[in-house]
Amino acid sequence: MDFLERLPDLPYILKALLIFCAAVLLLRVAGKRSLAETTVSEAVLRISIGAVLIQPLAIRDEWQAIYAGTLLIIGIVLLAKIQVWLPKSRKFINGVPSVLVKNGEMKLEELKKARLTTDELQGALRLKAIGNVEDVELALLESNGKISTTLKPSKAPATKEDIQKIIDLLAENGIRPLSQSQSKASTPPLFQEAYDEADIEDYKPQIH
């Protein structure tokens, strides 16, 4: 309590350092989804610089604002250097990726830790044109708040090279592929669920 009472009397540079460290800690506690696709240090920089540089409009002290902004820039540079010099520190500063889906199954405990709902995860998968959770080999929530995915080998789209190999193999065996033959595609589960919730009557999507 004595330390807290002496906080207003600390040197300005120590106050800036304390505020910076507190901001990093609070954002780490808030979780990855609060970062809006930035790392913890980048989020702190954006919030801090914006809050500091707007102060001259109210207190008419431009030099103090520039000084505080400079200290914050130095802090962010040092934080980046520390992560280069001590790679293990990245785990504590920016966090590590969270496994949200593995082998087609949602990891509910990891979703709770990340403060994400299954609906939000499904929406993120739909944005990546993934129609079924079971098609996903891995889905990771990165330290910058983005969700990265990899599909199961059997569900990964074929590359032009793969298709050309198949065409060449068929040609070697005297078989010509029928370009006009198409199989009827059904709407994948995740898109069907969103469609049903939207209660749209005049349009029925067909995902190919």
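In this text, all values refer to a predicted model and were calculated from it rather than measured experimentally. Values below: all heavy atoms of this structure, side chains included; hydrogens, waters and symmetry mates excluded.
V99 and L141 fall into different hydrophobic clusters, defined by Ile, Leu, Val, Met, Phe, Trp and Tyr side-chain heavy atoms under 4.5 Å apart, directly or through other members. If you chain together hydrophobic residues whose side chains sit under 4.5 Å apart, L111 and V101 fall into the same group.
Contact between M106 and T118 at its shortest, heavy atoms only, is SD-CG2, 3.7 Å. The heavy-atom pair separating I82 from S89 by the smallest distance is O-OG, 3.5 Å. In this structure, L190 and Q122 approach most closely via the heavy-atom pair CD2-CG, 3.5 Å. Listed here is the closest heavy atom pair of R90 and V84: NH2-CA, 4.2 Å.
At least one side-chain heavy atom of P157 sits less than 4.5 Å from a side-chain heavy atom of L151.
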Between L138 and T149, is a side-chain contact (heavy atoms from CB on, under 4.5 Å) present by the stated rule, with each step listed?
CA-CA 6 Å; L138 278 176; T149 60; over 6 Å; no
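D162 places a side-chain N or O within donor-acceptor distance of the main-chain N or O of T159, the cut-off being under 3.5 Å. No donor-acceptor distance shorter than 3.5 angstrom exists from the side chain of R126 to the backbone of G131, with no hydrogens or angles considered. Checking side-chain atoms of K88 against main-chain N and O of Q83 turns up no donor-acceptor pair under 3.5 Å.
Using a 4.0 Å cut-off between charged nitrogen and carboxylate oxygen, K113 and E109 do not count as a salt-bridge pair.
The one candidate from K155, K102, K152 that meets the side-chain contact (heavy atoms from CB on, under 4.5 Å) condition with E137 is K152.
Annotation: the span from E110 atom CD to L100 atom CG amounts to 7.5 Å, rounded to 0.5 Å. Between atom CG of residue L86 and atom CZ of residue F92 there is a gap of 11.0 Å, rounded to the nearest 0.5 Å. To the nearest 0.5 Å, atom CG of residue L125 and atom CD1 of residue I147 are 6.5 Å apart. Atoms CG and CD, on L108 and E105 in that order, are 10.0 Å from each other to the nearest 0.5 Å.
For the 3.5 Å distance criterion, the side chains of E142 and S148 qualify, holding a donor opposite an acceptor.
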